[in-house]
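Working notes for the structure below.
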Amino acid sequence: MASPRLTVPFRTLSFLVATLLFAQVAAAAPHAAMVVDARTGEVLHSRNADTQLHPASLTKMMTLYVVFEAVKNGEIGLDDKVTISRNAAAEPPSKVGLRSGQKIALRYLIRAAAVKSANDAATALGEAIEGSEAAFAARMTRTAKALGMTRTTFRNAHGLTQSGHLSTARDMTTLGRHLFYDYPEYYNLFSRSSADTQIRTVRNTNRRFLGSYAGADGIKTGYTRAAGFNLTASAHRGGERIIATIFGAHSSADRNRKVQDLLDMGFSRAPTRVAVRKPVLPVYGKTGGAVTLASSLRPAGRPIPAVDPVAVAAAAPDPDMVTRALQDAALAEAVAPRARPGARTGVDTAIETAAVDAAVDAAGTRVVARMSSSGSRHWGINVGRYASRYQAEQVLLKTALTEIGTLDDALRKVVQSPRGWEANFVGMSEDRAALACRRLSARDVDCATLGPG
């Protein structure tokens with residue numbers, strides 16, 4: 001006997017097909033996405049960018065931002081020993097295996113949080129800065145508001161799922177842009193394939209994306225079951241830089257593929273040339289969240305825009321402002337790999353670079369500040385000779401990213417010589433050129449200063 005035939009009304013069938021197609025499209029798309037031109041902050045693409053979602057370990061971008069801020073303010077030093085609490089040691093993975101009662105320098109906790117995305121390190125950082133993770137999370141939220149992250153609230157330093165711990169693709173993209181511009185001396189952390197955390201060498205959670213997308217140099221991954229696979233990524237091509245964020249991808253491979261598509265879209269839409277408009281540093285009002293600084297042997301710095309120490313020394317009305325700017329210039333040593341035996345420390349560098357005389361004239365109204373050597377920008381550095389112009393240009397680009405703290409304002413110049421193509425940075429002061437060479441040499445990069453003429 002023939003089997004009965006199942007008949008389905010056409011309208012019902014059409015509805016079922018449409019539902020299936022919608023489900024496939026929804027499954028293929030992240031919950032939220034944002035793409036911006038990092039140079040200007042212009043939005044190039046967005047999808048559900050203001051929907052509050054679980055940020056997962058994208059949270060650690062703010063954890064690290066606040067830590068960088070605390071170091072800059074003099075609240076804590078990079079070599080200060082942090083005692084690990086039982087609470088921090090008990091955090092679930094991902095972790096580096098901190099032990100309760102262990103003492104470890106702040107710089108190693110920074111590396112573990114940035115590269116390994118270690119939850120125990122993130123909690124330890126928060127407790128070291130504010131005394132408790134709850135107080136640190138409140139400071140993270142205040143900082144977020146000051147940065148314009150209007151739909152973000154933090155409840156912890158690591159990003160594990162917790163009620164009320166929410167952010168958006170727009171806010172995390174904003175934070176990524178601030179990390180790049182506000183603390184460039186630390187930015188190379190996010191592109192390292194591995195890092196020494198004193199406990200062990202850890203590998204970057206974002207290494208596959210960094211290794212597969214041309215120009216990618218950061219920033220942070222995140223995953224929890226509630227959040228899905230998140231990523232805020234930054235990449236540069238020539239003079240262009242794009243930052244993209246996605247929330248809610250379905251796997252790490254899916255996340256990487258979608259972010260690549262978003263970055264490609266960003267590069268296709270961004271203008272080749274545009275005036276850079278850096279984001280404004282956060283300002284904390286007396287109401288709505290002033291950051292309370294812990295006591296410190298070092299003076300706490302007032303929030304000021306990032307400046308060239310040479311320019312400050314030439315025009316600053318306040319000698320303390322000069323000192324703070326020069327200290328900021330030396331911070332790029334902070335989380336760099338340890339210098340080779342005999343290499344000079346960041347303290348030595350700061351002392352040499354910050355040799356400033358400040359004197360008040362007879363009337364007591366005018367401050368004159370000068371550097372220890374000429375502030376003229378006729379100096380430069382050479383980072384090698386290469387067989388082709390292309391090789392020299394690639395080395396210059398890579399070196400500029402590695403040492404962005406001192407080379408950000410320098411001009412890249414390739415000069416043909418009888419023996420090859422010279423890779424030079426020019427338009428620098430004598431002090432800045434010397435500082436850049438010392439720091440590059442500490443990273444085993446050949447470097448020689450170039451004098452005027």
Side-chain angles (χ1 to χ4, degrees), residues 34 36-42 55 58-76 78 106-107 110 113-114 125 129 136 139-150 152 154 157 167 170-191 217-220 232-236 241-245 275-285 289-291 293 300-309 311-312 321 324-336 400-409:
M34 171 68 84
V36 302
D37 185 332
R39 300 166 297 176
T40 62
E42 180 187 358
L58 298 190
T59 297
K60 294 185 181 79
M61 291 196 294
M62 180 58 79
T63 300
L64 291 164
Y65 187 97
V66 174
V67 172
F68 300 157
E69 180 183 69
V71 173
K72 180 178 180 180
N73 288 342
E75 299 172 63
I76 194 168
L78 289 155
L106 186 84
R107 70 173 69 245
I110 290 174
L125 286 168
I129 302 299
F136 186 76
R139 175 167 173 173
M140 292 168 69
T141 300
R142 293 195 299 269
T143 303
K145 304 308 180 193
L147 293 174
M149 300 167 61
T150 59
T152 293
F154 295 107
S167 188
R170 185 186 305 277
D171 283 358
M172 282 297 162
T173 305
T174 296
L175 177 56
R177 186 167 181 255
H178 272 280
L179 272 172
F180 177 78
Y181 281 110
D182 296 357
Y183 294 101
E185 62 268 35
Y186 296 100
Y187 189 74
N188 75 87
L189 276 169
F190 300 103
S191 63
D217 56 13
I219 304 178
K220 191 73 192 71
T232 295
S234 177
H236 63 92
R241 176 171 290 276
I242 303 298
I243 297 177
T245 297
V276 174
R277 298 194 299 273
K278 296 181 180 181
V280 178
L281 288 168
V283 176
Y284 303 98
V291 172
L293 303 184
R302 295 188 296 271
I304 58 173
V307 291
D308 186 318
V312 171
M321 181 178 175
R324 285 194 302 275
L326 291 165
Q327 289 172 340
D328 290 346
L331 274 179
E333 294 278 16
V335 290
L401 289 170
T402 300
E403 190 46 55
I404 193 170
T406 54
L407 298 176
D408 189 34
D409 293 330

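What you see is a predicted model; the values in this text were computed from it and never measured.
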Would you call [X] and [Y] a side-chain contact if the rule is heavy atoms closer than 4.5 Å?
X: Val67; Y: Ile76; value: no
X: Leu401; Y: Asn188; value: no
X: Asp217; Y: Arg241; value: yes
X: Tyr183; Y: Val71; value: no
X: Asp182; Y: Pro282; value: yes

Measure the [atom1]-[atom2] distance between [X] and [Y] for me, rounded to the nearest 0.5 Å.
X: Leu147; Y: Arg177; atom1: CG; atom2: CZ; result: 11.5 Å
X: His236; Y: Phe180; atom1: NE2; atom2: CZ; result: 8.5 Å
X: Leu64; Y: Lys220; atom1: CG; atom2: NZ; result: 8.5 Å
X: Met61; Y: Thr173; atom1: CE; atom2: OG1; result: 7.5 Å
X: Ile243; Y: Met34; atom1: CD1; atom2: CE; result: 11.5 Å
X: Lys145; Y: Met140; atom1: NZ; atom2: CE; result: 12.0 Å

Subject >> Test ring-ring contact (aromatic ring centres under 6.0 Å, His included) applied to Phe136 - qualifying residues, sequence neighbours left out >> reply: none

Applying side chain to side chain contact (heavy atoms under 4.5 Å, CB included), can you list everything that pairs with [X], at least two apart in sequence or on another chain?
X: Thr40; result: Asp37, Glu42, Val274, Arg277
X: Ala233; result: Phe209, Leu231, Val259, Leu263
X: Ala144; result: Met62, Met149, Thr152, Phe154
X: Val280; result: none

Subject >> Taking every non-hydrogen atom, the tightest pair across Phe190 and Ile219 >> reply: CD2-O, 3.4 Å

Subject >> Heavy-atom closest contact (Tyr181 atom, Ala38 atom, distance) >> reply: CE1-O, 3.1 Å

**OP:** State which residues pass salt bridge (charged side-chain N to carboxylate O under 4.0 Å, His left out) with Arg170; sequence neighbours excluded, sorted by chain then number.
**Re:** Asp50

Original post:
Going by an N to O cut-off under 4.0 Å, is there a salt bridge joining Arg139 and Glu69?
Top reply: yes

